[in-house]
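Below is one structure; the comments refer to it alone.
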2 protein chains.
Amino acid sequence: MKKSEYHHGNLRQALIEAGIELMNEVGEDGVSLRKVAARCGVSQAAPYAHFESKADMLNAMQEHVTGQMMQVLEAAVAEKEVSAYENMLRLGEAYVSFFIEHPAYFKFICYSPQVKFRLVWEEEKEVYPPYGLFRRCADACLREIGQPEETKLYCLANLWATVQGIACLATQPNVEYAGDWKKDLRRILTDGKEM
Amino acid sequence: MKKSEYHHGNLRQALIEAGIELMNEVGEDGVSLRKVAARCGVSQAAPYAHFESKADMLNAMQEHVTGQMMQVLEAAVAEKEVSAYENMLRLGEAYVSFFIEHPAYFKFICYSPQVKFRLVWEEEKEVYPPYGLFRRCADACLREIGQPEETKLYCLANLWATVQGIACLATQPNVEYAGDWKKDLRRILTDGKEM
DNA sequence: ATGTAATCTTAACACTGTCAAGTTTATTTT
DNA sequence: AAAATAAACTTGACAGTGTTAAGATTACAT
């Protein structure tokens, strides 16, 4: 072994990325620390220099994927000249699209022990950034529409449940969504506008 | 060992029930064939007389749980003197309630490889009975309301996505649903009535 | 330069799913 | 009733898993 290869240099990041790769290939259950380590060319126990446990590495993978998603989501709401309402629709679409393009991610992310948030209206340090972004967009949207204060919480729940529900359905294995989910999501959110 | 105890008598059923028990105690990942076998007082390899693999046993567990849920759901829509609309609301409530009472079940059932259905309007032999029941109830409901034919599929998707979305949210770990989900679900489904 | 901390390897442990071979009981056939 | 067959179960083994302990190698700070 070359001396220069004893230290990997950036093993932590390499492990995270290899783990995500492997998950996309063989599913979450097929991910093992040893396989990921082998993929990075290091020994079985090497990951323990960077992670406390397998769960810890999975959490890091989840954060990484969520970060990637946030880039996509923020790009989707970047245009300034559109209405807050249109913005929220685009965000919902981008959110669902991301999960449809990466079917393994929904279960992985949404049932991660790290993902925490409260379905309330007040600003919080959400541990699930996409929800924080959605809440801010929905806030602007409802303000724009002139939604009365006392129904806003209900509207938030409705909107988020719809987005999450479509994402859940569209990523369930062996479930065919016969309609056009993008059109449907837009329509459902639109229909809810006047509530 | 007593001779009368060599053959368990009803090991298959006992394994299924012990597996479900264990899952409710330690989560799906904590379920191992060996623990389940031990819980039934048989050897590690005994389950292989009744199941092809661990996945096969998990499938059987899923069917068993789904059967239990169907009893609850059918009871919820048993009353004859209520409107089809009220009936569908009750079914939705019962569906979500069941998952809230058994938080581990949502992920377990909805991501089982056995659960299959198409979000279409035609009658099918669904492999997920709760969805079949819901589709029939929604059909009656939309008929009662006088929903035009061309929007029925969209309505079905909307209704089911809402129910599934609330169930998903309410069973996500570390996600607090601040509102009253039962009231909200009822209201969302009601608001969608006129669409 | 030397000491310390970080990074990595090897070896081992208990646990897992699964299979092969054999043992015990139930069921069917004669 | 006896024999043959099938079903249910046990023991023992195998490879793969997460995890730890002990030691080796390298980077870094003093």
Side-chain angles (χ1 to χ4, degrees), chain A residues 1-63 104 107-108 111-114, chain B residues 1-63 104 107-108 111-114:
Chain A
M1 163 170 289
K2 300 181 201 160
K3 292 181 178 182
S4 63
E5 283 182 354
Y6 192 98
H7 278 37
H8 182 285
N10 200 6
L11 183 56
R12 191 189 144 92
Q13 200 59 28
L15 288 168
I16 290 174
E17 284 164 17
I20 292 170
E21 246 185 59
L22 187 60
M23 185 177 65
N24 281 315
E25 290 170 19
V26 300
E28 193 177 342
D29 292 345
V31 175
S32 82
L33 268 181
R34 293 167 111 106
K35 281 189 215 154
V36 173
R39 217 168 246 241
C40 294
V42 295
S43 77
Q44 46 187 254
Y48 284 88
H50 302 275
F51 303 108
E52 277 189 349
S53 61
K54 180 185 181 183
D56 192 29
M57 190 188 75
L58 290 175
N59 284 340
M61 285 166 54
Q62 185 267 320
E63 269 181 44
K107 194 181 164 194
F108 178 57
Y111 288 86
S112 156
Q114 278 195 311
Chain B
M1 162 172 288
K2 299 181 203 161
K3 293 180 179 182
S4 62
E5 281 183 356
Y6 192 98
H7 278 39
H8 181 285
N10 199 7
L11 182 56
R12 191 188 145 91
Q13 200 59 29
L15 288 168
I16 289 173
E17 284 164 17
I20 292 169
E21 247 185 58
L22 188 59
M23 183 176 67
N24 282 316
E25 290 171 19
V26 300
E28 193 178 342
D29 292 345
V31 175
S32 82
L33 269 181
R34 291 166 112 107
K35 282 189 215 153
V36 173
R39 215 169 248 243
C40 294
V42 295
S43 76
Q44 48 186 254
Y48 285 87
H50 302 277
F51 302 108
E52 275 189 351
S53 62
K54 181 185 181 183
D56 192 29
M57 190 187 76
L58 290 175
N59 283 341
M61 284 165 55
Q62 185 266 321
E63 270 180 42
K107 195 180 162 194
F108 178 57
Y111 288 87
S112 157
Q114 278 196 312

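All values reported here derive from a predicted model rather than from experimental measurement. Letters A, B, ... are given to chains in the order of the sequence lines, protein chains preceding strands, and every chain is numbered from 1.
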Item checked: d(OH, Y48(A); P, dT17(D)) in whole Å -> 12 Å
Item checked: Gap between atoms CD and C1', on Q44(B) and dA13(D) respectively (whole Å) -> 9 Å
Check: With R39(A), which residues qualify under side chain to side chain donor-acceptor pair (under 3.5 Å), at least two apart?
Finding: E21(A), E25(A)
Next item on the list: Whole angstrom is fine here: how far is it from CG in L15(B) over to P in dA8(D)?
Entry: 12 Å
Check: When you measure from the side chain of A45(B), which nucleotide among dG17(C), dA20(C), dA11(C) comes out closest?
Finding: dA20(C)
Next item on the list: Over all heavy atoms of both residues, which pair between L22(A) and V31(A) is shortest? Give the atoms and the distance, please.
Entry: CD2-CA, 4.0 Å
Next item on the list: List the atom of Q62(B), the atom of S112(B), and the distance in Å for their closest heavy-atom pair.
Entry: OE1-OG, 3.6 Å
Item checked: Contact residues, residues 30-40 of chain B to DNA chain D [heavy atom, < 4.0 Å] -> R34(B)
Checklist line | Stretch residues 50-60 of chain A: residues that reach within less than 4.0 Å of DNA chain D through a heavy atom | finding: S53(A), K54(A)
Notebook entry, point to check: What distance separates C40(B) SG from R12(B) CZ, expressed to the nearest 0.5 Å?
Noted result: 12.5 Å
Check: Once you round to the nearest 0.5 Å, how far does CG of D56(A) lie from CE of M61(A)?
Finding: 12.0 Å
Next item on the list: Report the distance from atom CG of D29(B) to atom C1' of dG17(C), rounded to the nearest whole Å.
Entry: 15 Å
Check: What residue among L58(A), N59(A), I16(A) forms side-chain contact (heavy atoms from CB on, under 4.5 Å) with F51(A)?
Finding: I16(A)
Checklist line | Nearest heavy-atom neighbours spanning A46(B) and H50(B) | finding: O-CD2, 4.0 Å
Item checked: Nearest atoms (heavy-atom pairs only) where A37(B) meets L15(B) -> CA-CD2, 4.1 Å
